[in-house]
Amino acid sequence: MPDRTVVLPASPPPADVHDVALLDLDGVVYVGPDAVPGAADAVAAAAARGLRCVYVTNNASRPPEKVGAHLRELGIRADDADVVTSAQLAAGILAGRLPAGSPVLVVGGEGLLDALAAEGLRPVRSMDDAPQAVVQGFGPDLGWRELAEGARAVRAGLFWVASNLDLTVPTPHGPAPGNGALVNAVAAAGGRRPDAVAGKPEARAFRDAAARAGSRRPLAVGDRLDTDLEGARAAGMPGLLVLTGITGVSELLRCPLRARPDLVGRDLAALLAAHPEAVRDGDGRGRCAGAAVAVRDSGLVVEEPGDDALDLLRAACAAALTLPASAAGEEVEVDPDPVVAAVRAREPEAEWAR
Ligand SMILES: [Mg+2]
């Protein structure tokens, strides 16, 4: 084993080294109906330092104007052009393959209709309109008839683009079927899988979004390891995990290599701060600033809590995420509870200490 492995690299404030941050929405900018505290200020401060925030969402149901209006209601200064939806990415894939004006069967909602029209394609709802391809994305009013028409198109061999494959969408009452579940329904009747997927974690998602934004040094930012951070790695782009959404200490410390973040921050203020490096030293101990965490008998042992709960978590990442399971693409089987307890002891209000 090498003496020293850098697990989370040191970084100057991301706002000083990147031109565009590709931000996820739910769990990053807002949680349900409410803004994440401090998000609007962080976006404004980043913009003042030359970092443009662009919002990349897997949700294909709302057109960019509606997402933009929602952001502005939350006090975030965003233009509609700062929003990239998976519907737009899906329409972009089709526009690259079909002549202008081609009819495309839509299995989905308003977001897809608008995105196709914006790319010069003609959305249709029936096989009788001789579509040249089929596109499927989430829409809250999507019904059986549209799914059945989609299956017919798929059986007929039309090129099939899915906006994304998320199995669930969050609702105030818990998870509900997402586009991935509806794609599975069409696949069951159609006898095959989509030919292309537009959204995260596909490698093309952040690449296409960065190209749309004209970015040369993009940073991907999200709260979900299996979409945002996996998508960042797939795209070959640095990824910042923020702890304001679905991922807490326990999920992060089980993260397989394919979804490992480069940077970890509490919230979007992490765009404005320097990040210390976290390293694994020769004896398997993870270190960051003054914090040190060792692995013993598949448990994590906090040897030095350090001065900052986030550095403690970074040190734990350096210890846990270099275990062989992570590189093998599996979840790391390590008990994160001592780290959770130590973070909580230092920062009792941290919701991510779970
Ligand atoms: Mg999210």
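Start at 1 and go down the list; that is how both ligands and their atoms are numbered. Computed from a prediction, not measured in an experiment: that's the story for all the values here.
Scored by the side-chain hydrogen bond (donor to acceptor under 3.5 Å, both in side chains) test, E73 finds no partners at all (sequence neighbours excluded).
Ion pairing between D166 and K200 fails under the 4.0 Å rule for side-chain N and carboxylate O.
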**Request:** Would you please test L219 and V20 for side chain to side chain contact (heavy atoms under 4.5 Å, CB included) and show each step?
**Result:** CA-CA 6 Å; L219 172 72; V20 171; over 6 Å; no
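Members clustered with V279: V6, by chain and number, using a 4.5 Å side-chain heavy-atom cutoff among hydrophobic residues.
Counting only residues at least two apart or in different chains, salt bridge (Lys or Arg N to Asp or Glu O under 4.0 Å) contacts with residues 293-302 comprise R296-E303.
Checking T244 against D267 by side-chain atom types alone, no donor-acceptor pair falls below 3.5 Å.
Protein N/O/S atoms found under 2.8 Å from the Mg ion (ligand 1), listed by chain and residue number: D24 OD2, D26 O, D223 OD1.
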